[in-house]
**Q** 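Once you've had a glance at the structure underneath, I'll fire off some questions.
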Amino acid sequence: MKPKLTLNITAKTVEGGSDNALQAAAERKTKATETLADAWLRILAMKNSDTDAVKLREVKRAMDAGDIGRDVASAGKRFSKAEALRLYAVLAESQREQKLADLVANTPSNYRLLTDIDEVRAVVADAFNELIIAVDTETTGLDVYVDVIVGVSLTLPTADMHYYIPIQPTEDERALPSEDVLNVLKPLMESEEVGKVFHNANYDIQMFKRHGIDLRGLAWDTQTAMHVLNENEDAPVKGKQPGTYRLKDLATKYLGEPSDTFAELFGKNAKFAEVPLDIALVYGAKDTDLTWRLYEFQYAHMAKMPTVLEYYQTVEVPLLYVIVELERNGYVLDLDFAKKFGHELQTQANELHDYLITELSKYHDSDEPMNINSPQQLRPALSKHIGKELPNLDAKRTLKPLRSKHEIIDKLLEYRRITKLSGTYIDTLPTKQHPVTKRWHSRFNPMGTVTGRFSSGMDKDNSDDQSFNVQNQPKKARKMFVAPPGKVLVGADFKAQEIRCVAYLSKEPALIKAFIENKDPYANLAVEFTGLPYEEVYKTADGGDTEWRKKMKVAWLAALYGASGFTLGEWLGVPKKEAEDFMAKLWKSLPALGSWIEGNTEFVKQHGFVWMDKEQRKRRLPEAKWKREFIPYGKYDDPKYADARKHNGKIGGAIRQATNARVQGSSAIQTKVTMIRAHEECSKRDGWQLWASVHDELLFEIPSDFTREDIAVIEDVMLNSYQFGEVSNGTDIEVMTVWGEGMPVEEWFANKETEEHA
DNA sequence: CATAACGGGCGC
DNA sequence: ATAGGCGCCCGTTATG
């Protein structure tokens, strides 16, 4: 039986209403007579977010099964998406209670709650007989500088036992004092002899550090390992929920063990310290149980790729210690400078805003005041102002070419530059000082990119996170970052890292020769291409780039990014045909490079992935194996072929990524290996810290009375930690007290000597 | 009021 | 037939 809802009115009986009112009433009636099935069709056809879509389907399933009925308060009203989502909350709550009861009732017999310190001692003694164990901490929250551990889970695989140790401040009198338990655990956690497996080790290492435990013996992290095994795991695919590197999602998917996250079981704002111990046991012990099983699964798979396994264990795992130090060290900001600079920007922004509003309001067709930041309002107004229809407001392609002709566009670009600078950096960063450490902390995510680079930014799972992206700070914002008292910052980059990487991977003689002879690679490419003498294609008399060198830089990027002739033409400002001819001729003069790129394309089409250097890491590009769909000539813009267009676009995208991923990923390996060496050298010396890593650059914090020998150590780290075959590494080293305001090492020492003699 | 998509822009 | 790789974050806009 379909429930049918009707309202007791008809259009005819409404008295004294206007036509509009009649119509509205009729519409209301149509909507009200909608069947529930129709309502579902309507709701599911809406533009729902992925999370909403999942919730809605779940509610529909429960309703169809008769598990849940309509909201009493909404009786008589049309069934809405809002009501469906309210029902989801009700459903989730009752399911949650049922799930918890089921979990406790089905607690495995080898899960054990430890509430006696002697039992903890016995378990630790047993753990010393294991080669490797799984460990997890439960805490009061997610702030690694404030929150504390309220429980520790241990899995002892040979004993086949899973323990949960609740500690104070867990709100149960059986919970043991924190210090007692952690003192017993300390030798185990600090032992190199017993390996440890974690899921998201960074977090647990930091929590232990907060309690004075310096964790050693890290053997595996099931989160970063999963990313090495499948970097596409949480690719934002439509209709699929992201965030699948969570332990519970991985267990559900790979272990066939349906598992709920903490929030799903206890609600968003629940505190682990308040969870009853019978539930805490089954939840906590299951964490390490699942982590261990996931480790076994992952190890078996990775062992089939020995080069990847070796890389994971010797680079990605030890790197986690480095990341912990990097994040905890944090940054010092010059707040006085930020405040002064912020005011300056504000004044400039206000002036520009006034000018733009005055000029553009004339063309703004609305009673509401105009908003310059709204592209929707800005584009028509600006188009009318300059008397030319603008297709978009893209700075590089559309606005910059017009800036010299129209003052308004020049001012607009300046306004956008200033508001971006203050809004994202100068005004925002000062608010992110950590209240306890008094420093600014960034996150370095080793699984933030598909190629193996780090990403940096906020922790998406932690809404309170005050972290920020340290890798995209513009030059002007870097001036806020200063060396801590008594220290200097030393920046060391990999000179032409990606070009050296390509020289090595492609074995292109023209490139290799440039680095052996210590010449400029772009100029050497130009020599190879034009036959002109080196001096004529390198620098101009005033030290700027020659036309040929500029052109080669652009062509280089095009080659690396897989740009088409069309795009290269745009970059060089020449017709497509000319760009294509140029590219063809370039490949002819660099045959090894050309065939290397072609080889990458063939390889990815055949295998659906590419290798990074020495097969240490894969970039999986399954779309490259797809077959192109046929679109008849002239039908390209036909909406009928939209899907085919999209399909073919993905193939092109995957092929473009093949070469780029090899270069970017291999360079990232070099940077990561070098970071481990850098960290080792820092830990041998007082006051030395790795300060940041920005893709092809490492920054150090060292005492300001450093010597030339100290710089030689940093130079050695950069040049000799990871080689690209016979292609040597290069580095430029700078000393600074303010980030970005550097000077060469020799200048630093020269200044110092002058001061000493004065 | 929360969430997500999008245009735009900073870094390498 | 199609148009530059990898990120993160801001403000606006759409949506219910």
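Here is how names work: the chains are called A, B, and so on, in the same order as the sequence lines, proteins then strands, and each is numbered from 1.
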**Q** How long is the line joining CD of A/Gln473 and P of C/dG7, in whole Å?
**A** 19 Å
**Q** Could you check which of C/dC6, C/dC10, B/dG9 has an atom nearest any side-chain atom of A/Lys420?
**A** B/dG9
**Q** Any chance the side chains of A/Tyr522 and A/Asp545 put a donor and an acceptor closer than 3.5 Å?
**A** no
**Q** Determine: side-chain N/O of A/Arg453 to OP1/OP2 of C/dG7, distance under 4.0 Å, yes or no.
**A** no
**Q** Using a cut-off of less than 4.0 Å, is there contact between a side-chain N or O of A/Arg416 and OP1 or OP2 of C/dG11?
**A** no
**Q** Within this structure, what is the CG-to-C1' distance between A/Leu399 and B/dG9, rounded to whole angstrom?
**A** 12 Å
**Q** Does the C/dC8 base have a donor-acceptor partner in the side chain of A/Asn469 within less than 3.5 Å?
**A** no
**Q** Side chain of A/Val450 only, please: which of B/dC12, C/dT12, C/dG7 is the nearest?
**A** C/dG7
**Q** Can you tell me which nucleotide in C/dC10, C/dG5, C/dC8 comes closest to the side chain of A/Lys432?
**A** C/dC10
**Q** Let's see if you can work this out: which of C/dG11, C/dC9, C/dT2 has an atom nearest to the side-chain heavy atoms of A/Arg628?
**A** C/dT2
**Q** Among the candidates C/dT12, C/dG7, C/dA3, find the nucleotide nearest to the side-chain atoms of A/Asn371.
**A** C/dT12
**Q** So, applying side chain to side chain donor-acceptor pair (under 3.5 Å) with A/Gln497, which one of A/Asn729, A/Asp696, A/Thr671, A/Thr731 is it?
**A** A/Thr671
**Q** Between atom CG in A/Leu413 and atom P in B/dG9, what is the gap in whole Å?
**A** 8 Å
**Q** Contact class for A/Ser456 (heavy atom, under 4.0 Å): base, sugar-phosphate, or nothing?
**A** sugar-phosphate
**Q** Is a side-chain donor-acceptor pair under 3.5 Å present for A/Thr449 with A/Gln664?
**A** no
**Q** Output the single nucleotide from C/dC6, C/dC9, C/dG7 whose closest atom is nearest the side chain of A/Gln657.
**A** C/dC6
**Q** State whether A/Glu741 and A/Arg478 are salt-bridged, where the test is any N-O pair (Lys NZ or Arg NE/NH1/NH2 against Asp/Glu carboxylate O) under 4.0 Å.
**A** no
**Q** Hey, which of these two, A/Thr424 or A/Phe630, hits DNA chain C nearer its 5' end, going by closest nucleotide?
**A** A/Phe630
**Q** Does the side chain of A/Asn648 get closer than 4.0 angstrom to OP1 or OP2 of C/dA1 through an N or O atom?
**A** no
**Q** Please compare A/Asn472 and A/Arg645 by the position of their nearest nucleotide in DNA chain C and report the one closer to 5'.
**A** A/Arg645
**Q** From C-beta outward on A/Pro474, which listed nucleotide comes closest to its side chain: B/dG9, C/dA3, B/dG11?
**A** B/dG11
**Q** Between B/dC12, B/dG8, C/dA3, which one does the side chain of A/Phe566 approach most closely?
**A** C/dA3
**Q** Roughly, in whole Å, what's the span from CZ in A/Arg478 to P in B/dC10?
**A** 13 Å
**Q** Would you mind reading off the distance between A/Met612 atom CE and C/dC6 atom C1', rounded to a whole angstrom?
**A** 11 Å
**Q** Between A/Leu429 (CG) and C/dC10 (P), how many Å, whole number?
**A** 10 Å
**Q** Any ion pair linking A/Glu414 and A/Lys411 (charged N to carboxylate O, less than 4.0 Å)?
**A** no
**Q** Answer yes or no for A/Lys618 and A/Trp611: cation-pi contact, defined as NZ/CZ to six-membered ring centre under 6.0 Å and angle to ring axis within 45°.
**A** yes
